[in-house]
Amino acid sequence: MKSMRQESVGLAVAYIVYGLVCGFGLLISSVMFLVYYFSWLHRAIANLRILTKPDFSPIGAIVLTLIPIIGFVLHFWIFNDMVGCQEKCMEERGILKGRFPKKLLVAWFFTTLAVVVLMFKHSDMTVLNVIQNLFFVTSIGLYIKFLTFYIAQERELFQYHTETLFRKRVDEAIRERDIQRAADMLREKE
């Protein structure tokens, strides 16, 4: 800073402040994303546990996903289990319209693995950096694609489940009304 000219000191301070604001914004948005994502994961597994028995508990899935490096592999396993449980429930109820594209899940796994491998390969080669960035963008796109498919099926399954519960309650209310009506008729006859 001492060697800088007087007019560039203001520019340097502005650049430092800009960097701090951007860094703080990235930190806050990352924390918000993690909270939102882990609350979704918890809810998704808790909802599945209403209908079936997945291999993981909601808290267990979150804790396993948070383990550095191994959590990535475990997340693949957790999501694969969620998909299997969801498809089984939908198949039992006869509402399965399309199978989950497991090829996308496997492609995401290997694409993300390639990103991690290329990330630790220190090189000044811009070709490797471009490839890493392409894999990174592809990995995000694949994750969004299969997560969207999973959420659409999740909505359909729980809409069906909610309608089934509603029908059961209506049938129970009608049955109780019929029983009350029959009891009233017996009282009138006596």
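One is the number of the first residue; the rest follow in order along the sequence. Any value given below was found using the heavy atoms of this structure, including those in side chains, with hydrogens, waters and symmetry copies removed. None of these values were measured; they are calculated from a predicted model.
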CZ/Phe72: more than 12 non-hydrogen atoms of other groups inside 6.0 Å = yes

Is there any side chain to side chain donor-acceptor pair (under 3.5 Å) pair reaching into residues 66-76, and which pairs are they, with sequence neighbours excluded?
-> Tyr37-His75, His75-Tyr143

Quick one: hydrophobic cluster around Met32, which other residues, with the 4.5 Å side-chain cut-off, linked directly or via members?
-> Phe24, Ile28

Looking only at heavy atoms, the pair that brings Phe79 and Phe100 closest together is CE2-CZ, 3.8 Å

Nearest non-hydrogen partners of Ile45 and Pro58, listed with the distance = CG2-N, 3.8 Å

Quick one: CD1 on Ile67 to CG on Leu74, what's the gap to the nearest 0.5 Å?
-> 5.5 Å

State whether Asp171 and Lys168 are salt-bridged, where the test is any N-O pair (Lys NZ or Arg NE/NH1/NH2 against Asp/Glu carboxylate O) under 4.0 Å.
-> no

Could you pull out the closest heavy-atom pair between Phe135 and Thr111, with the gap in Å?
-> O-CG2, 3.1 Å

For the residue pair Phe33 and Trp40, is the inter-centroid distance of their aromatic rings smaller than 6.0 Å?
-> no

Glu156 versus Ile95, closest heavy-atom pair with distance | OE2-O, 3.2 Å

Quick one: side-chain hydrogen bond (donor to acceptor under 3.5 Å, both in side chains) partners of Tyr150, sequence neighbours excluded?
-> none

Without hydrogens or angle criteria, can the side chains of Thr112 and Ser139 be said to hold a donor-acceptor pair below 3.5 Å?
-> yes

Closest approach of Phe136 to Val115 (non-hydrogen atoms, all atoms of both residues) = N-CG2, 3.3 Å

When every non-hydrogen atom of Leu96 is compared with those of Gln153, the smallest separation belongs to CD1-NE2, 3.7 Å

Exactly one of Met82, Lys53, Arg43 clears side-chain contact (heavy atoms from CB on, under 4.5 Å) with Leu48, and that residue is Met82

Note: Glu163-Arg167 ion pair, threshold 4.0 Å (strictly below) | yes

